[in-house]
Amino acid sequence: MTIDLDPRIPGGPVHEKWARRVNDLGLVSPANRRRYRILVVGTGLAGASAAATLAGLGYQVECFTFHDSPRRAHSVAAQGGINAAKNYQNDGDSVERLFRDTLKGGDFRSREASVYRLAALSNAIIDHCVAQGIPFTREYGGLLANRSFGGAQVSRTFYVRGQTGQQLLLGCYGALSRQILARRARVHARREMLDVVVRDGRACGIITRRLVDGAVERHAGHAVVLATGGYSNVFHFSTNAMACNVTAAYRAYKRGALFANPCFTQIHPTCIPLTGEHQSKLTLMSESLRNDGRVWVPARAGDSRPPAQIPESDRDYFLERRYPAFGNLAPRDIASRAVKQVCDEGRGVGPLGRGVYLDFADAFGRIGEEEMQARYGNLFEMYQRITDEDPRCAPMRIYPAAHYTMGGLWVDYDLMSSIPGLFVIGEANFSDHGANRLGASALMQGLADGYFIVPLTVGDYLASSTSVAALDETLPEFAAAERDVRRRLQRLAGLCGDEPVEQIHRALGHIMWERCGMTRGAPGLVSALDEIAALRERFWSRARLGGGASVLNIALEKAGRVADFLEFAELLVVDALTREESCGGHFREEHQSADGEAVRDDENFSHIAAWQFRGVGAAPALYREDLAFETLQPTERSYR
Amino acid sequence: MRRLIRLARTSIGRKLLMALSGLLLVLFLTAHLLGNLKVLQGPEAFNAYAAWLQGHPVLWVMRLGLLLVFVLHTGLGIHLALANRAARPLAYVHPASVQMSLAERHIMLSGVVVLAFVVYHLLHLTFGAIDPTHSAQLVDAQGRADVYARVVTGFRNPWLAASYLLALLALAAHLTHAVRSALQTLGASHESHQAVIELLARAVPAALVVGFAAIPLLALLGVLEPPGPRP
Amino acid sequence: MNVTLRVWRQAGRDSPGRLVDYRVADVHADMSFLEVLDQLNEQLAQRGEEPIAFDHDCREGICGSCSLMIDGVPHGPERGITACQLYMRRFHDGQTILVEPWRAAAFGVIRDLVVDRSALDRLMHAGGYVSVNPGSAPDASTTVIAKEKADTAFLAASCIGCGACVAACPNASAMLFVAAKASHLALLPQGQPEHAHRVIAMVEAMDREGFGSCSNNYECAAACPKSIPVRFIARLNRAFLHAALTSREFARPPPHAHFES
Ligand SMILES: Cc1cc2nc3c(=O)[nH]c(=O)nc-3n(C[C@H](O)[C@H](O)[C@H](O)COP(=O)(O)OP(=O)(O)OC[C@H]3O[C@@H](n4cnc5c(N)ncnc54)[C@H](O)[C@@H]3O)c2cc1C
Ligand code: HEM
Ligand code: HEM
Ligand code: SF4
Ligand code: F3S
Ligand code: FES
């Protein structure tokens with residue numbers, strides 16, 4: 001089956017496209033909306049905002065999350081902030097500039113029209129969030145405060161102390177609560193979506209497992225919206241929450257949805273370094289720290305003096321040296337690679353030599369103890385709690401970690417996947433961030449998708465189908481999908497080797513991090529393909545988990561997710577191997593300049609790579625969506 | 001009225017009633033203490049006061065009110081305690097409290113002791129059923145009930161005095177939590193006047209208990225003399 | 001170091017539970033408490049035994065999933081943190097550590113250490129929002145809020161919905177949670193139009209869910225990982241009394257509750 005990969009971008013100049021699209025949208029009349037049932041999977045910023053808005057418009061919304069409450073979706077962990085082109089700081093910001101920064105930040109591998117729309121909607125998001133009562137940090141005059149983030153030379157990031165994600169999510173959940181009370185939305189908590197049901201080429205429902213007792217359920221809907229987050233946990237160690245996974249997106253992929261740019265993964269430079277194998281995850285130190293912290297390593301390899309005894313002359317502030325224009329605020333991909341480089345040179349610090357200093361001594365001198373405490377106190381405490389070291393006395397040690405995934409299910413301009421009726425929003429889609437996401441723009445994207453885009457485009461999809469299809473969970477497609485799900489669960493529950501699933505996940509993470517992490521080379525990628533296949537084999541033959549499939553079984557949940565990662569990892573590597581260029585977070589060792597900067601190949605790779613499933617272990621089929629740049633011509637992405 | 005009924009059905013409404021009734025009881029205790037301190041002025045003043053207390057019709061209305069408040073406070077207290085217990089049917093194996101004092105943990109116990117004391121106290125001084133000296137039958141020179149004699153000779157008995165002091169200890173325990181709690185329930189707690197609240201929470205119980213305790217102690221120490229032989 | 005975890009095991013909602021001792025060897029001081037549970041679960045998996053079910057996700061103290069009563073104190077012996085932020089440096093070699101689920105009539109045990117906290121969600125549904133539809137808001141800078149007020153609202157809003165307050169309260173009362181939720185919006189101008197309705201609806205929902213009442217024992221704030229102060233409870237009491245005495249809504253009989261999962 002081949003697919004017509006039409007992004008359906010409206011005509012006209014870039015700043016008019018969304019307005020044109022809105023004008024052309026098919027509408028469902030208010031009285032008819034309640035006859036449509038929409039399934040929203042995921043209750044993070046993207047899912048909860050979409051569910052609340054769709055229900056507010058009058059649709060019947062059913063939400064699903066594997067968490068026990070919508071408020072615990074991983075969006076809750078975002079610390080730093082959310083961008084908007086308000087120009088409240090009068091520093092020359094504009095929609096145009098946010099658009100350009102984001103497009104350039106993504107190394108010209110995103111869809112121009114979508115990025116522009118995102119920038120244009122950013123201001124309405126802040127207005128809406130303030131109206132919801134989100135307690136944004138304010139100046140003494142009572143107006144909103146801003147901070148700077150990587151990849152931008154203006155201060156456009158709005159924040160709520162160190163809790164931006166949780167506060168925005170509570171705003172979404174509040175909006176959803178209102179709809180739940182009005183009985184227009186329902187939340188099915190502790191449900192994991194395990195399959196999409198497709199009939200006549202359209203999405204018509206999902207299969208879920210009720211985690212508390214293992215019941216497998218069918219849910220029919222007129223449209224399905226996936227907002228299931230990112231897949232950074234394919235690296236095992238990441239800044240993501242323990243349960244973040246690729247399952248929902250991967251199952252949709254197996255049912256025919258294309259997966260775009262899976263190799264575009266983001267490694268965040270400022271995480272607390274790994275201390276040992278016993279660790280379960282890595283903790284992000286907010287990028288905002290780079291506003292006032294200076295990154296350095298000893299100038300000489302093997303210099304093991306404690307940091308305080310290393311004089312200025314023996315220090316290398318390598319970000320400031322290499323990227324004078326952006327300095328410590330160089331974008332994430334660039335900063336991460338620079339950190340890796342100095343560590344590879346043997347100049348890394350800390351017990352395992354995988355770390356660099358993030359030093360606040362200057363800032364304490366410049367802004368004073370009190371202000372520093374107000375800005376970063378909670379982050380300092382967090383660091384101290386984990387490492388038992390006080391960053392007020394000695395510099396922090398940081399190292400990059402897997403953090404965000406720009407890749408995801410392919411969607412058109414309306415955020416609809418290649419399966420009609422299946423929409424994908426938030427981190428789960430292949431997003432507007434191209435090959436690298438700038439800080440504070442994922443929250444912006446999730447909310448733009450959920451509050452402002454998908455509620456309209458879902459309506460358009462529904463309006464274009466001539467009659468309201470009856471919801472029928474007894475269709476053979478449901479039965480077949482349910483059978484597949486049950487079979488897989490039984491197989492997982494029956495695993496009785498001798499190896500804990502956790503250990504296999506760790507091994508997968510090791511392969512992915514070493515071969516397909518911050519830098520990627522063809523030989524490593526090729527061997528990764530074999531290693532992953534072997535590991536998958538090992539999983540199905542040697543893994544062991546206790547407990548059955550008809551009870552709350554956290555081992556089974558984990559095993560299901562790892563099993564999907566073991567298939568998905570291969571797709572990621574294939575994409576990395578196919579993309580013979582370096583761009584953003586995707587750095588191919590073969591494609592770098594003499595001084596180690598990424599070399600993009602616009603001639604051959606100015607496209608979105610969308611992959612189609614062809615069977616486990618079989619090579620997926622590649623579709624290309626060529627990127628057209630009308631407004632801004634791709635240039636070398638320089639932050640020097 | 002609808003409002004009040006609906007209010008009384010909520011947990012916060014009930015707590016408000018608890019706090020108001022508790023504070024009324026504190027008010028009564030304050031008045032009672034001030035009256036009782038007349039004992040220091042000697043038999044004449046005290047007995048006159050006691051006679052006035054018996055005679056005045058308004059005071060009987062107030063007594064009825066007091067009884068109602070007492071019943072309300074006790075009844076609600078028991079009701080809330082039972083409901084709170086039902087809110088955690090299975091207890092922790094080792095419940096450890098981080099900062100609660102002994103008094104807070106046993107507010108119900110101190111309440112019950114106070115209740116028992118009041119019954120005992122009425123039997124003692126109002127009905128004269130406890131006092132081994134049967135001083136309840138005494139009358140003074142004017143033919144008034146010689147309450148002064150009842151009190152002071154009664155407290156010369158160390159056991160009786162001790163029983164009062166023990167009850168006062170329970171009262172102290174009850175009130176150390178109760179006053180702060182009532183202020184919080186009434187919404188008086190606020191950052192800016194936390195110090196005032198703390199002061200009240202300590203000073204009110206302390207003043208009451210010290211004041212009451214002074215009477216049996218002074219009688220026991222012989223500072224308060226029993227009335228002299230009748231002329 | 002080695003520790004013994006004395007863990008509550010319970011197969012299902014209605015099954016009886018019991019405490020089981022597990023010895024965990026090679027515990028590293030830099031491990032978090034949940035990582036010790038992970039390690040134990042790996043051991044159990046190797047022996048083909050059922051893993052200990054517990055809620056967790058972010059492991060950085062923000063999602064509010066983790067919910068362990070450790071030695072009789074929610075989130076363990078350290079103040080101002082969640083169980084996932086508790087490190088083993090706090091414990092000594094050979095220590096026996098008691099791990100129980102949150103206990104409250106409103107929080108049924110689902111399995112082992114996992115409890116059903118959906119009652120807290122239903123309190124949110126009752127009134128934890130400002131009614132505003134996307135697209136209808138005025139420019140963000142038209143709302144001016146004194147910094148001090150915004151910061152206080154933030155303090156209240158920082159509640160992560162973990163339920164430790166309920167677990168800690170001798171009465172299993174959810175007052176601190178409700179107070180935090182209601183105060184967040186009460187402190188902001190955006191929350192004013194629905195303020196009276198919100199406190200009434202949330203307090204009455206709280207009573208329906210079977211939480212205890214508040215006797216001002218202040219254990220909740222001591223256990224709260226976000227150190228939310230009890231003065232928000234006083235605030236709620238005040239707001240509720242005010243709403244009860246002045247709002248029209250309160251002069252009518254309470255609406256029939258219709259809540260579902
Ligand atoms: C530590 C950290 C800090 C960050 N800080 C920032 C920041 O400061 N600024 C910024 O812009 N971005 C930040 N990000 C990125 C940003 O938080 C995320 O990209 C974004 O929140 C994702 O939102 P989402 O709604 O797409 O998905 P999520 O919030 O991850 O939600 C996923 C939802 O899907 C559900 N789900 C998933 N799979 C299934 C399934 N199979 N069945 C049922 N339900 C399922 C989950 O239960 C959950 O409800 C940060 C990310 C991390 C990890
Ligand atoms: C040592 C201290 C006390 C002394 C000397 C004292 C003395 C008295 C006296 C003389 C009477 C009047 C009896 C009568 O006229 O019939 C009385 C009544 C009463 N006392 Fe006390 N009392 C003391 C402490 C308390 C305390 C601590 C309480 C409550 C907790 C209390 C509660 C009452 C009540 C409820 C009455 C009945 C009220 C009435 O009939 O008007 N007393 N007390
Ligand atoms: C003179 C006697 C008494 C006084 C002055 C008094 C006063 C108070 C006050 C002020 C409170 C605080 C209310 C609040 O928490 O908001 C209180 C609480 C309480 N009282 Fe009393 N009380 C007295 C007697 C009793 C008795 C006899 C009982 C029961 C047997 C009792 C049981 C309680 C209980 C259980 C509480 C706590 C209720 C709760 O917070 O849930 N009290 N008391
Ligand atoms: S108030 Fe504190 S303890 Fe209670 S749910 Fe919120 S964060 Fe947890
Ligand atoms: S501990 Fe309980 S009694 Fe009230 S002050 Fe906290 S809810
Ligand atoms: S796991 Fe998220 S708060 Fe502990």
Side-chain angles (χ1 to χ4, degrees), chain A residues 53 56 67-69 71-72 74 76-77 88 124 126-128 130-133 135 138-140 142-144 160-161 163 166-167 170 173-175 177-178 180-181 186 189 212 241-243 275-276 278-281 283 385 388 451-452 496 498 500-502 544-547 551-555, chain C residues 12 28 30-31 35 38-39 41-42 44-46 48-51 53 55-60 62-65 81 85 89 110-111 114 117-118 121 124-126 128-135 137-141 143-147 150 153-154 157-158 160-161 184-185 188 190-191 260:
Chain A
T53 311
H67 287 100
D68 71 325
S69 162
R71 63 164 331 286
R72 304 202 203 285
H74 187 55
V76 83
Y88 284 161
I126 297 300
D127 296 341
H128 183 58
V130 167
Q132 285 180 329
R138 288 173 182 266
E139 304 286 359
Y140 281 103
L143 291 165
L144 295 166
V160 192
R161 293 271 188 104
Q163 286 194 3
Q166 123 125 330
Q167 295 306 327
L170 286 171
Y173 185 31
S177 292
R178 177 177 161 226
I180 293 168
L181 192 67
R186 263 203 307 183
V212 292
M242 300 299 287
T275 55
H278 57 76
Q279 214 165 316
S280 54
K281 70 164 297 220
T283 304
R385 204 175 296 124
D388 215 13
Y451 281 133
F452 294 105
C496 59
D498 54 7
V501 172
E502 184 65 30
R544 167 152 207 174
L545 48 139
V551 290
L552 179 82
N553 185 346
I554 60 173
Chain C
H28 201 286
D30 283 336
M31 279 168 96
E35 283 163 0
D38 289 342
Q39 186 164 322
N41 272 341
E42 279 189 47
L44 294 179
Q46 249 154 348
E49 289 178 34
E50 301 196 334
D55 269 326
H56 67 99
D57 197 20
C58 73
R59 302 233 172 163
E60 48 190 61
I62 192 70
C63 72
S65 293
I81 57 165
Q85 295 175 297
R89 318 186 241 285
I110 296 174
R111 187 181 167 85
V114 175
R117 283 170 288 182
S118 56
D121 286 286
M124 281 287 285
H125 304 166
Y129 54 84
V130 169
S131 300
V132 50
N133 296 328
D139 187 277
S141 65
T143 315
V144 180
I145 304 167
K147 183 171 173 56
F154 169 75
S158 66
I160 57 173
H184 157 212
L185 294 173
L188 299 173
Q190 301 93 312
E260 30 208 313

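In what follows, chains are A, B, ... by sequence order, proteins preceding strands, each numbered from 1.
Among A/A241, A/G174, A/A243, the residue making the largest number of heavy-atom pairs under 4.5 Å with chain C is A/A241. Between chain A and the residues C/D121, C/V132, C/D57, C/L185, the most heavy-atom pairs under 4.5 angstrom are made by C/D57. When each of A/S280, A/A124, A/G276 is scored by its heavy-atom pairs under 4.5 Å with chain C, the top score falls to A/S280. Per-residue heavy-atom pair counts under 4.5 Å with chain C were compared for A/V551, A/N553, A/L545, and the maximum is reached by A/V551. Of the listed residues (C/G161, C/G191, C/G128), the greatest number of heavy-atom pairs within a distance under 4.5 Å of chain A belongs to C/G161. Of the residues considered (A/P135, A/S69, A/A555), A/P135 shows the highest number of contacts with chain C, using heavy-atom pairs under 4.5 Å. Per-residue heavy-atom pair counts under 4.5 Å with chain A were compared for C/D30, C/D38, C/I62, and the maximum is reached by C/I62. Per-residue heavy-atom pair counts under 4.5 Å with chain A were compared for C/G135, C/G12, C/S141, and the maximum is reached by C/S141. For the options C/M124, C/E49, C/H184, C/R59, heavy-atom pairs under 4.5 Å to chain A are most numerous at C/R59. Between chain A and the options C/V130, C/D139, C/N133, C/V144, the largest number of non-hydrogen pairs under 4.5 Å is found for C/D139.
Once rounded to the nearest 0.5 Å, the distance linking CD of C/E60 with CZ of A/R385 reads 11.0 Å. For the atom pair NZ of A/K281 and NE2 of C/H56, the computed distance is 11.5 Å after rounding to the nearest 0.5 Å. Between C/D55 atom CG and A/R72 atom CZ the span is 7.5 Å, to the nearest 0.5 Å. To the nearest 0.5 angstrom, A/Q279 atom CD is 6.0 Å from C/E35 atom CD. Taken to the nearest 0.5 Å, the NE2 atom of A/H278 stands 4.5 Å off from the NE2 atom of C/H28. Between C/C63 atom SG and A/H74 atom NE2 the span is 9.5 Å, to the nearest 0.5 Å.
Both the backbone and the side chain of A/V160 come within contact range of chain C, with heavy atoms under 4.5 Å apart. Neither the backbone nor the side chain of C/S118 comes within contact range of chain A; no heavy atoms are under 4.5 Å apart. Residue contact with chain C, scored on non-hydrogen atoms closer than 4.5 Å, involves the backbone and the side chain of A/A77 alike. With a threshold of 4.5 angstrom between heavy atoms, C/I81 approaches chain A through side-chain atoms but not through N, CA, C or O. For A/D498, the part lying near chain C is the backbone, with the side chain staying farther off; criterion is any non-hydrogen pair under 4.5 Å. With a threshold of 4.5 angstrom between heavy atoms, A/Y451 approaches chain C through its backbone and through its side chain. In this structure, chain C has heavy atoms under 4.5 Å from both the backbone and the side chain of A/Q132.
Nearest heavy atoms, C/A140 versus A/I126: CB-CG2, 3.8 Å. Minimum interatomic distance between C/P134 and A/F452 (heavy atoms only, all atoms of both residues): CB-CE2, 3.9 Å. When all heavy atoms are compared, the tightest approach of A/D388 to C/R89 is OD2-CD, 3.3 Å. Among all heavy-atom pairs drawn from A/R71 and C/I160, the shortest one is NH1-O, 2.9 Å. Across A/S177 and C/H125, no two heavy atoms sit closer than the pair OG-CD2, 3.4 Å. Closest of all the heavy-atom pairs between A/D127 and C/A137 is O-CB, 3.4 Å.
Of the possible polar contacts, none joining the C/K147 side chain to the A/E139 backbone as a donor-acceptor pair under 3.5 Å is found.
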